[in-house]
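Order of listing sets the numbers, starting from 1, for every ligand and every atom in it. All residue numbers refer to positions in the sequence shown, counting from 1. Side-chain atoms are counted along with the backbone in the values below, which use heavy atoms only and exclude waters and symmetry mates. Predicted model only: the values in this text are computed from it and were never measured.
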Amino acid sequence: MPSREHRVRARNESAWLLPNDGTRANHRLRHDMRRFSDDDEIDLVIVGCGAGGSVLMQRLARAGWKVAALDAGPFWDPDTDWVSDEAGSHRLYWTDPRVIAGTDPVPMGSNNSGRGVGGSMVHYAGYTPRFHPSDFSTRTSDGVGADWPVSYPELRPYYEQIEQELPVAGERWPWGDPHRYPYRPHPVGGNGEIFLRGATKLGITAKVGPVAITNGRFGNRPHCIYRGFCLQGCKVNAKASPLITHIPDALAHGAEVRADSMVTRVAVDERTGRATGVHYIRGGREHFQRARMVAVAAYSIETPRLLLNSASRRFPAGLCNEFDQVGRYLMVQGAPQTAGRFDAEVRMYKAPPPEVSTEEFYETDPAKDYKRGFSIQTVSPLPITWAEHVAAQGHWGRALREYMSDYVHWSCLGALCEFLPLPENRVTLAEEKDSHGLPVARFSYSQCDNDRALARAAQNVMEDILHAAGADEVITIQRYAHLVGGARMAKDEQHGVVDRNCRTFAVPNLYITDGSVLPTQGSANPALTIMAVAARAAGHLIASASGGAS
Ligand SMILES: Cc1cc2nc3c(=O)[nH]c(=O)nc-3n(C[C@H](O)[C@H](O)[C@H](O)COP(=O)(O)OP(=O)(O)OC[C@H]3O[C@@H](n4cnc5c(N)ncnc54)[C@H](O)[C@@H]3O)c2cc1C
Ligand code: SF4
């Protein structure tokens with residue numbers, strides 16, 4: 001029986017394709033990568049090289065498809081582009097203008113979207129929990145949210161594959177569909193110890209993991225050095241992101257990654273209604289890449305924006321928008337963050353921010369006056385983010401300075417609350433234009449009563465945990481995390497944009513394979529699920545091409 005390593009290598013060699021000489025990017029692989037010309041009619045062009053786009057590209061490259069992924073941002077080199085410094089990491093985020101609106105507008109930028117090859121996972125924290133089986137049928141079970149056209153058991157094999165490929169480390173997971181992780185849990189730092197101590201005192205089960213951070217060496221990827229810079233792009237290459245987990249393998253199998261290429265429009269033949277390729281801007285010049293099929297994986301804001309900006313005579317209200325579904329049901333998780341002060345030093349920066357979590361409160365509790373639930377995790381902000389936390393609480397001047405000089409005594413937990421998908425929470429096009437003259441996204445967001453009740457409940461539990469662990473002061477701020485939805489999967493075109501295989505209802509050779517397609521978000525971090533959904537869509541495309549798809 002082949003070892004686990006051989007099984008992973010047979011499916012994804014990325015970790016072994018990284019250099020073994022102290023540098024962190026395989027320049028030879030990038031230099032020698034296949035390059036298609038705009039005039040080649042390639043099999044598939046993918047817009048966006050993040051969580052969903054990269055997995056799709058890697059799977060199809062392995063199946064022998066001619067595939068290229070275009071990304072608006074750079075092809076990062078961790079050695080030269082990244083610094084272990086909060087302020088210096090600003091370039092990792094998508095900071096182009098966006099208009100926000102609604103009664104509870106969501107600030108955009110560093111907290112939700114990335115730019116460049118690897119996507120938002122370059123600066124994500126590294127938590128990789130699965131969704132629970134209940135997340136796939138909340139409408140039936142709880143009367144809120146939506147039912148997916150795909151069930152948890154259909155996604156399970158893809159979760160298992162991606163967990164091996166990242167790989168994920170953590171304790172045996174008792175919640176949702178109980179399962180094990182391929183790597184043992186990491187040792188925990190001061191913040192994780194406090195969470196475990198407080199939770200144990202209250203009888204709340206909390207577990208170490210699950211994180212996509214190598215615990216020990218994995219291929220040519222080094223182990224974590226516990227310096228806490230995961231949200232700034234891990235310079236060490238210990239934290240998984242597509243830049244190191246799926247892209248090298250895709251390149252080795254003949255895919256092209258075309259960086260610094262901003263796609264402006266998906267082209268559709270007015271007569272046949274089929275996608276013919278994408279218009280994009282590179283080096284200040286307009287190009288058109290021909291392709292037999294197109295996949296959009298540009299993140300929950302940019303994917304609906306691109307569809308709306310691709311309006312044509314045949315699709316006057318925007319591509320795939322005949323039923324006014326594009327941009328709707330966009331979701332953010334409510335993410336209150338509670339910090340507690342301890343007399344002893346905590347030094348929460350001395351470990352990856354993702355360490356310990358609990359999903360005890362994930363499911364609907366019939367005794368409560370709200371539906372669905374929340375998870376709680378360690379978050380460990382670095383000093384600038386800590387200053388934002390303290391300032392958001394209203395502390396300025398001398399008080400802010402005192403909190404800052406007391407930083408090493410603070411511990412910090414964050415909740416992820418399952419805010420519900422609502423049709424009026426959506427992306428539309430704003431009047432304002434970007435530097436290419438394209439209308440920017442306008443994102444309107446308002447909470448419902450259930451959302452507010454969840455955030456209050458999560459805050460209470462976090463404050464109780466920190467008090468139980470011995471905190472003498474606790475402060476909580478309200479914030480948001482993660483964005484999914486906006487081009488959701490549904491059983492028909494009146495309720496969503498794509499079918500269960502991520503194929504758009506309106507254009508038969510156009511797919512969407514990023515977080516936009518998620519109909520609900522649970523209270524789990526979304527990246528693993530996005531990758532699993534993209535891997536499943538890739539399997540469907542490969543099977544369809546060989547005549548085997550259902
Ligand atoms: C600070 C932070 C922490 C996070 N922590 C976690 C975590 O711990 N666990 C977790 O599961 N999730 C986490 N997330 C969320 C996670 O990273 C995202 O949900 C996920 O990466 C989204 O995947 P995606 O494929 O939808 O888009 P992305 O990964 O964002 O990829 C989209 C790509 O498309 C490109 N693009 C956009 N528009 C265009 C265009 N017009 N033309 C060409 N390219 C384009 C972008 O440059 C980008 O590279 C975090 C996010 C942030 C910001
Ligand atoms: S703590 Fe570990 S995973 Fe995070 S940035 Fe440092 S080495 Fe990378």
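Taking the ring axis of Phe75 as reference, the NZ or CZ atom of Arg30 stays within 45° of it and closer than 6.0 Å to the ring centre.
For ligand 2 and Lys239, the ligand atoms under 4.0 Å from any heavy atom of the residue are 3 (S). Heavy-atom contacts of Cys230 reach the following atoms of ligand 2: 1 (S), 3 (S), 4 (Fe), 5 (S) (cutoff under 4.0 Å). Shown in contact with Arg227 at under 4.0 Å from a heavy atom are these atoms of ligand 2, numbered in order with element: 1 (S), 6 (Fe). Counting the atoms of ligand 2 from 1 in the order shown, those under 4.0 Å from a heavy atom of Ile225 are 2 (Fe), 7 (S). The atoms of ligand 2 that sit less than 4.0 Å from any heavy atom of Gly228 are 1 (S), 6 (Fe). Interface of Val236 with ligand 2, defined as ligand atoms under 4.0 Å from a residue heavy atom, comprises 7 (S).
Relative to atom 36 (N) of ligand 1, the option among Tyr93, Trp94, Tyr299 with the closest non-hydrogen atom is Trp94. Residue nearest to atom 17 (O) of ligand 1, selected from Ser120, Gly126, Gly116: Ser120 (by heavy-atom distance). Between atom 43 (C) of ligand 1 and the options Gly53, Pro353, Ala72, the minimum heavy-atom separation is to Ala72.
Here Tyr480 and Tyr445 bring their ring centres to under 6.0 angstrom of each other.
Of the protein's non-hydrogen atoms, His123 CE1, 3.2 Å is the one closest to atom 53 (C) of ligand 1.
Counting heavy atoms of neighbouring residues, nucleotides and ligands inside a 6.0 Å radius, atom CZ of Arg35 exceeds 12 of them. Annotation for Arg184: atom CZ does not count as buried by contact number, only 12 or fewer foreign heavy atoms lying within 6.0 Å. In His436, the NE2 atom is crowded: over 12 heavy atoms of neighbouring residues, nucleotides or ligands sit closer than 6.0 Å. Annotation: Lys350, atom NZ; neighbour count of heavy atoms from other residues, nucleotides and ligands within 6.0 Å does not exceed 12.
Atom CG of residue Asn191 and atom CG of residue Leu413 lie 6.0 Å apart, to the nearest 0.5 angstrom.
Contacts with ligand 2 closer than 4.0 Å are made by side-chain heavy atoms of Ile213 only, the backbone lying farther away. Looking at Leu231 against ligand 1, only its side chain comes within 4.0 Å, counting heavy atoms.
Note on Cys234: counted as a metal contact of atom 8 (Fe) of ligand 2, an N/O/S atom lying under 2.8 Å.
Between the side chains of Gln161 and Arg59, at least one donor N or O sits under 3.5 Å from an acceptor N or O.
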